Amino acid sequence: MKVDVAAKYDVVIIGSGISGLICALELSQRNKSVCLITKEAITESSSLYAQGGISIPLSESDSFERHLEDTLNAGSNLCDVNIAKEVIRHSVNAFQKLVSYGVKFDLTSENIIHQTKEAAHSVPRVIHVGGDASGRIITKTLIDRVCREPNISISQGACVLSLLKESDRVCGVLVEDVARSKYVVLAKHVIVASGGLGRIYKYTTNPSVSTGDGIAMSYRAGAVIQDIEMIQFHPTVLLEKGDPRLITEAIRGEGGKLKNINGEYFASKYHPQAELAPRDVLARALLSEMEKTNSGFVYLDVSSFKKEYFINRFPTVYKECIERNIDVFGVGIPVSPAAHYLIGGIKSDIYGSTNIPSLWVVGEAASNGFHGANRLASNSLLECIVVPHLLVEKLMMDSNFHLPSSNTFNVDFDPENFTDVELLSFISELQERNTKSIFLVRNELVLNENLIWLRDLMSKVNLDLISSNIQLQELKNMILLSFLMTQASILRKHSLGVHYREDYKNLPTEFIHSIFKKDEDIKWQIQKNKPEFVSVLK
Ligand code: SIN
């Protein structure tokens, strides 16, 4: 089918979370024409649901070295130490930039920025906005700015189906909008800022848009995908009576305690840092207590908080609980682990450059080595506010080439389609199976079963052709990424950070990254820029 070129820009950005919005603003201010394309409304992204905040070493009790050490410790020896140094080194500037955009961080009664503690931080360093509404307020402030920029066009309800290439360079995107019109947008640069893939699981904190589209289309275009099996599960997610909702770790940072349904406090049995143990350790502790008590949840006990303080400090959590008739200050908030944050993704450097000229990546879709094998809490928003500035500076130096002259592109769409009922059934079985196999505790037997089932599904759903049915294309993206994750999880025969194998509890002898590239077998790459002083957490 021939698809017409509808527009040409300097830069296309896929996704409207915090990192995509900052890229758009900074590029527009440098007179680049930008098209920001987003599947749903511009407000919908994972950033919107971020509660905790941003970790930045601002206080006198903190330092660059301390933040670095906490990051590397949490990352279990798989961090790229040079990347971690760069991100933390730029943190204060990126914070000041956010303030200049109009973000007003919460203050203490002494009028200094309030900093709280989250898992695996040795000092309070997480700054926040609107109590637990950090993501929502930062996103809103940035959107207000983006909407006033003359150089930015916003396409909402538009799904990028595929990247387009001319010779080895990415030159634009194939888009389908809500009216099912298909068109091509050409661009000198494409920035993937489309977030993670939590929706491949039954339980996730991620919104419905998180189907891994940007990562899957980059893989199809030849991008290198790194550590895709490394996904972080958040220990405390409210799954009761409605959509899953994050229950921020900051509550535990400020005194919330976990107890099983028999009322026994258990966290200190599993790790000396108890409620503030690294997320993977605590999430597995929850699973074990849930199994022991034959329950689908444990309770987060917040009875030590003064009610008024809690309601003002955690308004988002409180509202969610009240809407679900949860006895917040009585028995506590029922919580269980759920998929939260993809650590792996499109392999990139500190500038968001990938192995494909003109293809860039920021935010959760990127894998640059900052988070190692386990992300330090609130380091993700830090990455989201730092890397866009570095990316934009680098991109500005790389504009000396031309866009293709053709006005149409030939696309082979998949002629096969499925009914809505069939699609929903594929999606829910995929989510069920991934939740059993590539979850918190993995083993070869169950992973192999998943691989066999995925292979069978791939004989029914052709991953090689793009579908013009957006839901089917999302399913294809999720199948592809589930397949890569399952394969890498089988072949990573050790436990490290978020990847825990009950049949291989040993740590690796070498710290390695899984590497996938289209039409090639999985490869393993040794982590070169190693931390010097790290204790490996298991
Ligand atoms: C939280 O608020 O617990 C989540 C923050 C994060 O994922 O870093």
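Just so we're clear, the structure is a prediction, and the values are computed from it rather than from any experiment.
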Main chain of Ala339, side chain of Thr204: is a donor-acceptor contact present, judged purely on distance under 3.5 Å?
yes

Counting distance only, does the side-chain N/O of Gln51 pair as donor-acceptor with the main-chain N or O of Thr248 below 3.5 Å?
yes

Report yes or no: do Tyr504 and Asn443 form a side-chain donor-acceptor pair below 3.5 Å?
no

Between Thr435 (side chain only) and Lys202 (backbone N and O only), is there a donor and an acceptor less than 3.5 Å apart?
yes

Do we see a donor-acceptor contact under 3.5 Å between the side chains of His499 and Arg442?
yes

Under 3.5 Å, is there a donor on one side chain and an acceptor on the other for Tyr341 and Ser46?
no

Could you verify whether a donor N or O on one side chain and an acceptor N or O on the other, from His371 and Glu383, lie under 3.5 Å apart?
yes

Whether Arg433 side chain and Trp453 backbone form a donor-acceptor pair below 3.5 Å:
no

Would you name the heavy atoms of Leu447 and Ser437 that are closest together and state the gap between them?
CD2-O, 3.6 Å

When you measure from the side chain of Asn206 to the backbone N and O of Gly198, does any donor-acceptor pair fall under 3.5 Å?
yes

Atom pair CG (Leu239) and OG (Ser336), whose distance is rounded to the nearest 0.5 Å
3.5 Å

Would Phe314 and Phe310 count as a close aromatic pair, with their ring centres under 6.0 Å?
yes

At what distance, to the nearest 0.5 angstrom, does CD1 of Ile438 lie from CD1 of Ile490?
9.5 Å

For residues Glu44 and Thr38, report the shortest heavy-atom separation together with the two atoms involved.
O-OG1, 4.5 Å

Is the side chain of Thr236 donor-acceptor paired with the backbone N or O of Ile247 at a distance under 3.5 Å, no angle test?
yes

Can you give me the closest heavy-atom contact between Pro388 and Ser19, atom names plus distance?
CG-O, 3.7 Å

Any donor and acceptor pair, going by atom type alone, linking the side chain of Lys259 with main-chain N or O of Val331 inside 3.5 Å?
yes

For Thr116, what residues pass the side chain to side chain contact (heavy atoms under 4.5 Å, CB included) criterion, not counting sequence neighbours?
His114, Val126, His128, Ala250, Glu254, Arg313

Only pairs at least two apart or in different chains count here, so list each salt bridge (Lys or Arg N to Asp or Glu O under 4.0 Å) that has a residue in residues 317-334.
Arg245-Glu320, Lys319-Glu323, Glu320-Arg324

Partner set under ring-ring contact (aromatic ring centres under 6.0 Å, His included) for Tyr201, not counting sequence neighbours:
Phe233

When rounded to the nearest 0.5 Å, the distance separating CD1 of Ile113 from CG of Leu58 is 6.0 Å

In this structure, CG of Leu484 is separated from CZ of Phe516 (nearest 0.5 Å) by 5.0 Å

Check the side chains of Ser55 and Asn379 for a donor-acceptor pair under 3.5 angstrom, ignoring hydrogens and angles.
yes

Donor on one side chain, acceptor on other, Asn450 and Asn434, under 3.5 Å
yes

For Trp524 and Glu510, test the side chains for any donor-to-acceptor distance below 3.5 angstrom and give the result as yes or no.
no

Before you tell me yes or no, could you show the steps for Phe105 and Ile54 under side chain to side chain contact (heavy atoms under 4.5 Å, CB included), namely the whole-Å CA-CA distance, both residues' side-chain angles and the distance that decides it to 0.1 Å?
CA-CA 10 Å; Phe105 287 93; Ile54 311 177; 4.2 Å; yes

Which residues satisfy the ring-ring contact (aromatic ring centres under 6.0 Å, His included) test with Phe483, sequence neighbours excluded?
none

Separation between CD1 (Ile311) and NZ (Lys306), nearest 0.5 Å, reads 13.5 Å

Which distance, rounded to the nearest 0.5 Å, do you find between the CZ of Phe370 and the CG of Leu78?
14.0 Å

Asp70 and salt bridge (Lys or Arg N to Asp or Glu O under 4.0 Å): which partner among Lys117, Arg125, Arg375?
Arg125

Derivation of the salt bridge (Lys or Arg N to Asp or Glu O under 4.0 Å) call for Arg284 and Glu289
CA-CA 9 Å; Arg284 286 196 299 275; Glu289 292 294 315; over 6 Å; no

Using side chain to side chain donor-acceptor pair (under 3.5 Å) as the criterion, list what pairs up with Ser59, not counting sequence neighbours.
Ser61

Locate the shortest heavy-atom distance separating Ala74 from Asn374; write the atom from each residue and the value.
O-CB, 3.0 Å

Least distance between heavy atoms, Ile350 atom then Ile83 atom:
N-CD1, 3.7 Å

For the pair Glu474 and Lys39, evaluate salt bridge (Lys or Arg N to Asp or Glu O under 4.0 Å) and give the outcome as yes or no after the intermediate values.
CA-CA 11 Å; Glu474 285 178 338; Lys39 261 203 295 195; 2.6 Å; yes

Before you tell me yes or no, could you show the steps for Gln525 and Ile512 under side chain to side chain contact (heavy atoms under 4.5 Å, CB included), namely the whole-Å CA-CA distance, both residues' side-chain angles and the distance that decides it to 0.1 Å?
CA-CA 5 Å; Gln525 234 166 47; Ile512 47 176; over 6 Å; no

Output yes when a side-chain donor or acceptor of Ser16 lies under 3.5 Å from a complementary backbone atom of Ile42, and no otherwise.
yes

Looking only at heavy atoms, what is the nearest atom pair of Phe439 and Pro337, with distance?
CZ-O, 4.0 Å

Is any side-chain heavy atom of Val129 closer than 4.5 Å to one of Ile138?
yes

For the pair Tyr299 and Ile333, evaluate side chain to side chain contact (heavy atoms under 4.5 Å, CB included) and give the outcome as yes or no after the intermediate values.
CA-CA 5 Å; Tyr299 286 110; Ile333 307 170; over 6 Å; no

So, applying side-chain contact (heavy atoms from CB on, under 4.5 Å) with Met478, which one of Leu430, Asp213, Leu197 is it?
Leu430

Please, which pairs that meet salt bridge (Lys or Arg N to Asp or Glu O under 4.0 Å) have at least one residue in residues 482-496, sequence neighbours excluded?
Asp227-Arg492, Glu229-Arg492, Glu444-Lys493

Do Leu391 and Val362 have side chains that get closer than 4.5 Å, going by heavy atoms?
yes

Assess whether side chain to side chain contact (heavy atoms under 4.5 Å, CB included) is satisfied between Val302 and Phe329, documenting all intermediate values.
CA-CA 6 Å; Val302 300; Phe329 300 107; 4.0 Å; yes

Going by an N to O cut-off under 4.0 Å, is there a salt bridge joining Arg66 and Glu69?
no

Any donor-acceptor pair under 3.5 Å linking the side chain of Arg136 with the backbone of Ala50?
no

Do you see a donor-acceptor pair shorter than 3.5 Å between the side chains of Asn77 and Gln527?
no

Using 30° and 60° as the class boundaries, would you call the ring planes of Phe305 and Tyr309 parallel, tilted or perpendicular?
parallel

Side-chain ion pair, Arg279 and Glu249, N-O less than 4.0 Å
yes

We want to know whether Thr316 and Asp132 form a side-chain donor-acceptor pair, criterion being a heavy-atom distance below 3.5 angstrom.
yes

Is a side-chain N or O of Gln487 found less than 3.5 angstrom from the main chain of Ser482, in a donor-acceptor match?
no

Taking CD in Glu308 as the centre, count heavy atoms belonging to other residues, nucleotides or ligands within less than 6.0 Å. Is the count above 12?
no

